[in-house]
Amino acid sequence: MSDVVIIGAGIHPFGRFDKSAEEIGSFAARAALQDAGVAWADVQASYLSRMYLPATSGARILRRLGGTDMPIVDVEAACASGGAALHQALLAIRSGECEVVMVLGAEKMPRGFMDPRMIYADWQIEMGMSLNPAYWSMRAMRHMYEFGTTELQIAKIAHKNHNNSVHNPNAMYQKAFSLEEILNSPLVCDPIRRLEICAPDDGAAAVVVASADFARRIGARKPIRIAACVHTIARYSADFRCPADSMSATAHNDGPTEVTAAKAYERAGLGASDVNCFEVQDTDAFCELEIYEELQLCPLGEGGRLIDEGVTEIGGKHPVNMSGGLISKGEPVGASHLGQVVELVAQLRGEAGPRQVEGAKVGLGHVLGAGGNCAVTILQR
Amino acid sequence: MSGRRPVRDGLLVGNLETGEAVGLAGARCRACGEATLGRNLLCPNCGSEDVEPLALSAKGKVWTYTVVRYPPPGDYKGADPFRPFALGLVELPDGLRVLAPLACAPEEVRIGMDVVFQPRVRPDGVVQFEYALASEGTAQ
């Protein structure tokens, strides 16, 4: 099977803007084309990753780049939408149908908690069970009870990500906070606090994906290989981050991150220890701690130790969320995974400036959300 | 008094008008053995149609919980004005965990605590449910 590579990446900053989805989306798409040195007319298919934007947003945004008769398809898989869209590009190229594909993620979201009707039933909303952070917090509470994980360890993850964001001009918040400030910020759902949680916002990010042959023909600058791109849905009762009617107390299925990462590692022929840098779903700081365990960076229950030892800081053995993570970038749902991919491409090209992980060769992006949707992308230079 | 209805069809058993023997409806799969909340015609674990109704146990234990400190978005029908409340994932002896508000002061809740089902009748006649701390007399 011939390789599929990323030959161009572009991003519109994440934040809140008085601009349309068409404006921010076409900005990121144009930036990716320019970076790739490819004309819009050379692109043979496009996928838009989005959750909150209306129908046919892909066509609405991308027709700004000029008239086209290519297929443009909107893809939705909640927080994993970007992984699902990138996976479609991979299939299109591997099938031989296309040589060059645009994958764009774009979103515009209102402030505050996400509209619950998107993912909850009416009775759950009426009974007060429609606050996404409540689910993340219940996982955190259980982890603290079983493994002795502390509120300080959770705060340390937010502290690390806010620190990293200072060097990311594309993040919504580019501000460091002390541990005291984080631990004194208001509780949203115990034990998770305001400065440990991500906010929905606007943003766009895009990559131009091509066959390795095409990249060679045009002499692409620093192509980055897609070693794996896997999207899955959680098995029965394996993830209570997604609202389920009830959870099993007897079935013990692996969680969606564990399952998706295992498949991605296998397809890439790599293990967690081979990955030099990670961008993961820190919708809240505890979520990142749990992901350390599920991505096999440490055994179950030892996520807290990893942050205590600085393993996941830039300069540590396995840096996580060099970009500042969703905690500081915000989560424009459709754009978040492509934003991770853009960061990893910069890292693997050695162009991440003050956020650069020295000598990074392999990077992993991870997203997880409603419905148990999970995606893992592994990139390699 | 009439017109009481469950917050979701197929979620409750018993007499909603009198409150007699009101509890959670459930289903057990004869193929894989999983118990699930509410009336179910297909097993969400294995897909089997061989599913039988099951009245779920009233008593359970708090498996995990949180305190919701901001008004939930959407058409929330809880206390107005909003008061922070505990939300618990309650493990029932039938082999499942059910999410519900806990009817007690949030600071009283601990993981492992015994709780008991209770219906809550809203002013609009809709019957929803919550769990209360099991007192000495009721816990057996």
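Proteins get letters first, then strands, A, B, ... in listed order; numbering begins at 1 in each. This structure is a prediction, so every number in the text was calculated from the model and none was measured.
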- Task: Go through the structure and list residues passing ring-ring contact (aromatic ring centres under 6.0 Å, His included) with Phe129(B), not counting sequence neighbours.
- Result: Phe117(B)

- Under 4.5 Å, heavy atom to heavy atom: which of residues 142-151 of chain A reach chain B? Give them by number, or say none. Arg142(A), Tyr145(A), Glu146(A)

- Asp75(B) versus Ile125(A), closest heavy-atom pair with distance: N-CG2, 3.3 Å

- Query: Which atoms of Pro106(B) come close to chain A, meaning under 4.5 Å heavy atom to heavy atom: side chain ones, backbone ones, both, or neither?
  - Reply: neither

- Whether Ser130(A) side chain and Pro73(B) backbone form a donor-acceptor pair below 3.5 Å: yes

- Query: For Tyr135(A), which of Thr66(B), Leu99(B), Leu89(B) qualifies under side chain to side chain contact (heavy atoms under 4.5 Å, CB included)?
  - Reply: Leu99(B)

- Under the ring-ring contact (aromatic ring centres under 6.0 Å, His included) test, which residues partner Tyr292(A), sequence neighbours left out? none

- Note on the structure: If you tally heavy-atom pairs under 4.5 Å between each of Leu187(A), Thr250(A), Asn253(A) and chain B, the highest tally belongs to Leu187(A)

- Measure from the side-chain N and O atoms of Thr64(B) to the backbone N and O of Met138(A), and report whether any donor-acceptor pair falls under 3.5 Å. yes

- Item | Any residue meeting ring-ring contact (aromatic ring centres under 6.0 Å, His included) with Tyr70(B), in chain and number order, not counting sequence neighbours | none

- Task: Locate the shortest heavy-atom distance separating Pro101(B) from Met129(A); write the atom from each residue and the value.
- Result: CD-SD, 4.5 Å

- Task: Could you look at Pro186(A) and say if it's the side chain, the backbone, both or neither that has a heavy atom under 4.5 Å from chain B?
- Result: side chain

